[in-house]
*Asks:* 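Have a look at this one before I ask anything.
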2 protein chains.
Amino acid sequence: MDIASFDKASSAGFLANMMARLFENRLAAAIRPLGLTPAQFMTLLELWAEEGQTQAALVARLAVEQATMAGTLGRMERDGLIERRPHPSDKRAQTLHLTERARALEALATEAAQAVNARALAGLTPEEQALFLDLMARVIGRLGK
Amino acid sequence: MDIASFDKASSAGFLANMMARLFENRLAAAIRPLGLTPAQFMTLLELWAEEGQTQAALVARLAVEQATMAGTLGRMERDGLIERRPHPSDKRAQTLHLTERARALEALATEAAQAVNARALAGLTPEEQALFLDLMARVIGRLGK
DNA sequence: TCATATTACATAGCATGCTATTTATATGGA
DNA sequence: TCCATATAAATAGCATGCTATGTAATATGA
């Protein structure tokens, strides 16, 4: 009967984990020359789109825990990518601003990330690529409850 | 022109990361009552299939770095899931063996993991599920170079 | 208005993953 | 046999992610 059988090669969770680790490793290698890490890049994407956001706003947009974002922002400040300024109306909060260094990295970093995505999907037809993104979005929606 | 535009909602890497974190969080919650973590579960899958493997064998099968596996095995030994025995013919190596506690967890743990997978894929037709696994495997193959 | 609840953020502790280094043992060839 | 190289593990250091807590400030409602 093999009641407890579990084939990791056909486990969605196992494949998702392996795929995500590969994506992260490739992205890390691609942006390391820029002095960036994957979490920093993800955070910069939000700040390139709109500067002056609070930590809480980034937490909501990137769907990581607040403590995780606090750690990433601390390393970004340490590395000269962002500055924190007091929030104009809420003494609990701070607004987050890019340094010149961070602004200058936008084009190179996004191109590097797009290259990783392109390489990952290179074996799929355009229709398959679109379907793949759609399927991932649907699984995310389901797991997000 | 928006040369540097990057829409994370349509980035395969971003979606893969989010999906994998959700899978891992759900699995962690599901097996936490058993006293297991995701990496421990993944390692147990290999040892349930074949006891007495070396660390190097697990590294090859699970595609994590040797240092990562060493850490996971250390925590598993600490938690009473595995024992290390001297390798019969190679003094550098050790063989890894399950404790009774670990053997007793196989059915419950695999059922919990299968439930997470089933829930994640519940919104997909059987054809879409098969296609999804195939697409992930192909992307993994491509990223693995 | 004042007590209570909520919110923003920091911090501690831990698991997982990676790179790099070190130590001990095996192995292959000169 | 001996040396150079390869292999098995351990360890250190760091990034990311999570849970759980603590603190200060704000919002809410009786």
Side-chain angles (χ1 to χ4, degrees), chain A residues 13-14 16-32 35-44 53-60 62-79 81-82 84-96, chain B residues 13-14 16-32 35-44 53-60 62-79 81-82 84-96:
Chain A
F14 187 88
N17 174 269
M18 173 139 312
M19 182 173 69
R21 280 194 291 122
L22 285 168
F23 264 111
E24 180 158 3
N25 291 347
R26 299 306 180 200
L27 177 62
I31 61 180
R32 188 171 303 133
L36 295 179
T37 62
Q40 290 176 354
F41 171 69
M42 180 175 82
T43 305
L44 285 175
Q53 298 190 68
T54 63
Q55 181 182 119
L58 297 180
V59 163
L62 293 173
V64 296
E65 290 302 314
Q66 175 265 323
T68 299
M69 183 55 67
T72 296
L73 291 173
R75 287 184 290 274
M76 291 175 77
E77 186 172 38
R78 177 202 65 191
D79 296 347
L81 292 166
I82 59 167
R84 302 186 211 226
R85 299 183 196 156
H87 190 283
S89 64
D90 188 336
K91 287 177 189 162
R92 295 169 303 181
Q94 298 168 297
T95 56
L96 300 164
Chain B
F14 187 87
N17 175 270
M18 172 138 313
M19 182 172 70
R21 280 194 291 121
L22 285 167
F23 264 111
E24 182 158 2
N25 290 347
R26 298 307 180 199
L27 177 62
I31 62 180
R32 188 171 302 133
L36 295 179
T37 62
Q40 290 177 353
F41 171 69
M42 180 175 81
T43 305
L44 285 176
Q53 297 190 69
T54 63
Q55 182 182 119
L58 297 180
V59 163
L62 294 172
V64 296
E65 292 301 314
Q66 175 265 325
T68 299
M69 183 54 67
T72 297
L73 291 173
R75 286 184 290 275
M76 290 175 76
E77 186 172 37
R78 177 201 66 190
D79 296 348
L81 292 166
I82 60 167
R84 303 188 211 224
R85 299 184 196 155
H87 190 283
S89 64
D90 188 335
K91 286 178 189 163
R92 295 169 303 180
Q94 298 167 298
T95 56
L96 299 164

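Note on naming: letters A, B, ... go to the chains in the order of the sequence lines (proteins, then strands), and numbering restarts at 1 for each one. From a predicted model like this one, the values you see are computed outputs, not experimental measurements.
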*Asks:* Any chance you could lay out the side chain to side chain contact (heavy atoms under 4.5 Å, CB included) test for A/Leu36 and A/Leu81, step after step, and finish with the verdict?
*Replies:* CA-CA 9 Å; A/Leu36 295 179; A/Leu81 292 166; 3.7 Å; yes
*Asks:* Could you check whether any side-chain N or O of A/Arg75 sits under 3.5 Å from a backbone N or O of A/Ala39, counting only pairs where one atom can act as donor and the other as acceptor?
*Replies:* no
*Asks:* Looking only at the side chain of B/Asn25 (C-beta and beyond, no hydrogens), which of the listed nucleotides D/dT16, D/dA10, D/dC18 gets closest?
*Replies:*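 Looking only at side-chain atoms, B/Asn25 lies closest to D/dC18.
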*Asks:* Hey, are the side chains of A/Glu77 and A/Leu73 touching, using non-hydrogen atoms and a 4.5 Å cut-off?
*Replies:*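 Answer no - side chains too far apart.
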*Asks:* Given C/dG17, C/dT19, D/dA20, identify the nucleotide with an atom nearest to the side chain of B/Ala39.
*Replies:*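 It is C/dG17.
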*Asks:* Can a side chain N or O of B/Arg92 be found less than 4.0 Å away from OP1 or OP2 on C/dT23?
*Replies:*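 So the side-chain polar atoms of B/Arg92 never come under 4.0 Å of the phosphate oxygens OP1 or OP2 of C/dT23.
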*Asks:* Starting at atom CE of B/Met76, determine the distance to atom C1' of D/dA10, rounded to an integer number of angstrom.
*Replies:*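 Value for this atom pair: 18 Å.
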*Asks:* Mind grabbing the angle between the end helix axes of the helix from C/dT1-D/dA30 to C/dA30-D/dT1? Five pairs an end, 10° rounding.
*Replies:* 10°
*Asks:* Checking side-chain polar atoms at under 3.5 Å, does B/Gln94 have a donor or acceptor matched by the opposite partner on B/Gln55?
*Replies:*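 Result is no, nothing qualifies.
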*Asks:* Show your reasoning for whether side chain to side chain contact (heavy atoms under 4.5 Å, CB included) applies to A/Leu96 and A/Arg84.
*Replies:* CA-CA 5 Å; A/Leu96 300 164; A/Arg84 302 186 211 226; 3.7 Å; yes
*Asks:* Between C/dT11, D/dG17, C/dT25, spot the one nearest the side chain of B/Asp90, thanks.
*Replies:*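 Per side-chain heavy atoms of B/Asp90, the pick is C/dT25.
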*Asks:* Specify the separation, in whole Å, of atom CG of B/Leu27 and atom P of C/dT16.
*Replies:*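 Going from B/Leu27 (CG) to C/dT16 (P), I get 11 Å.
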*Asks:* Any chance you could measure A/Met69, atom CE, to A/Thr54, atom OG1, to the nearest 0.5 Å?
*Replies:*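 It is 10.5 Å, given to the nearest 0.5 Å.
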*Asks:* Drop me the distance from A/Thr72's OG1 to A/Leu58's CG, to the nearest 0.5 angstrom.
*Replies:* 10.0 Å
*Asks:* Return whichever of B/Ala57 or B/Asn17 has its heavy-atom-nearest nucleotide of DNA chain D closer to the 5' end.
*Replies:* B/Ala57
*Asks:* Are A/Thr37 and D/dA15 close enough that a side-chain N or O sits under 4.0 Å from OP1 or OP2?
*Replies:*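 So the side chain of A/Thr37 is outside the cut-off, no N or O lying under 4.0 Å from OP1 or OP2 of D/dA15.
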*Asks:* May I ask you to verify if any side-chain N or O of B/Arg84 is less than 4.0 angstrom from the OP1 or OP2 atom of D/dA8?
*Replies:*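 No, because none of the side-chain N or O atoms of B/Arg84 sits under 4.0 Å from OP1 or OP2 of D/dA8.
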*Asks:* Side-chain N or O of B/Thr54 less than 4.0 angstrom from OP1 or OP2 on D/dA8?
*Replies:*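 Checking D/dA8 against B/Thr54, no side-chain N or O comes under 4.0 Å of OP1 or OP2.
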*Asks:* Please determine, by modelled atom types, if A/Arg21 and A/Asn17 share a side-chain donor-acceptor pair under 3.5 angstrom.
*Replies:* yes
*Asks:* Would you indicate which nucleotide in C/dC9, D/dT11, C/dA15 comes nearest to any side-chain atom of B/Arg78?
*Replies:*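 It is C/dA15.
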*Asks:* For the residue pair B/Thr95 and B/Pro88, what are the closest heavy atoms and their distance?
*Replies:* CG2-CD, 4.3 Å
*Asks:* Would you tell me if any nitrogen or oxygen in the side chain of B/Arg75 comes within less than 4.0 Å of OP1 or OP2 on C/dG17?
*Replies:*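 Looking at the OP1 and OP2 atoms of C/dG17, neither is under 4.0 Å from any side-chain N or O of B/Arg75.
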*Asks:* Strictly below 4.0 Å: does B/Gln55 bring a side-chain N or O up to OP1 or OP2 of D/dA10?
*Replies:* yes
*Asks:* Side chain of B/Ala93 only, heavy atoms from C-beta on: which candidate in D/dA9, C/dA26, C/dT19 is closest?
*Replies:* D/dA9
*Asks:* Calculate the interatomic distance between B/Phe14 atom CZ and D/dG17 atom P; express it in whole Å.
*Replies:* 10 Å
*Asks:* Rounding to an integer number of Å, can you tell me how far B/Met19 CE sits from D/dG17 P?
*Replies:* 16 Å
*Asks:* Find the distance B/Leu96:CG to D/dA9:C1' and express it as a whole number of Å.
*Replies:*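 For the pair B/Leu96 CG and D/dA9 C1', the rounded distance is 11 Å.
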*Asks:* In whole angstrom, what separates B/Leu62's CG from C/dT16's C1'?
*Replies:*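 Atom-to-atom, B/Leu62 to C/dT16, this comes out as 13 Å.
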*Asks:* Can you measure A/Glu65 atom CD to C/dC14 atom C1' for me and round it to whole angstrom units?
*Replies:*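 To the nearest whole Å, that distance equals 15 Å.
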*Asks:* So, OP1 or OP2 of C/dA15: does either fall under 4.0 Å of a side-chain N or O from B/Arg32?
*Replies:*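 No.
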*Asks:* How would you label the contact of A/Ala67 with the nucleic acid (heavy atoms, under 4.0 Å): base, sugar-phosphate, or nothing?
*Replies:*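 Answer is base: heavy atoms of A/Ala67 come under 4.0 Å of a base.
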*Asks:* Name the nucleic acid region contacted by A/Ala56, choosing base, sugar-phosphate or nothing; use a 4.0 angstrom heavy-atom cut-off, strictly under.
*Replies:* sugar-phosphate
*Asks:* Within less than 4.0 Å of OP1 or OP2 of C/dG17, is there a side-chain N or O belonging to B/Gln66?
*Replies:*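 No, B/Gln66 has no side-chain N/O under 4.0 Å of OP1/OP2 on C/dG17.
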*Asks:* What integer distance in Å separates A/Lys91:NZ from D/dA27:P?
*Replies:*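 Taking NZ of A/Lys91 and P of D/dA27, I get 12 Å after rounding.
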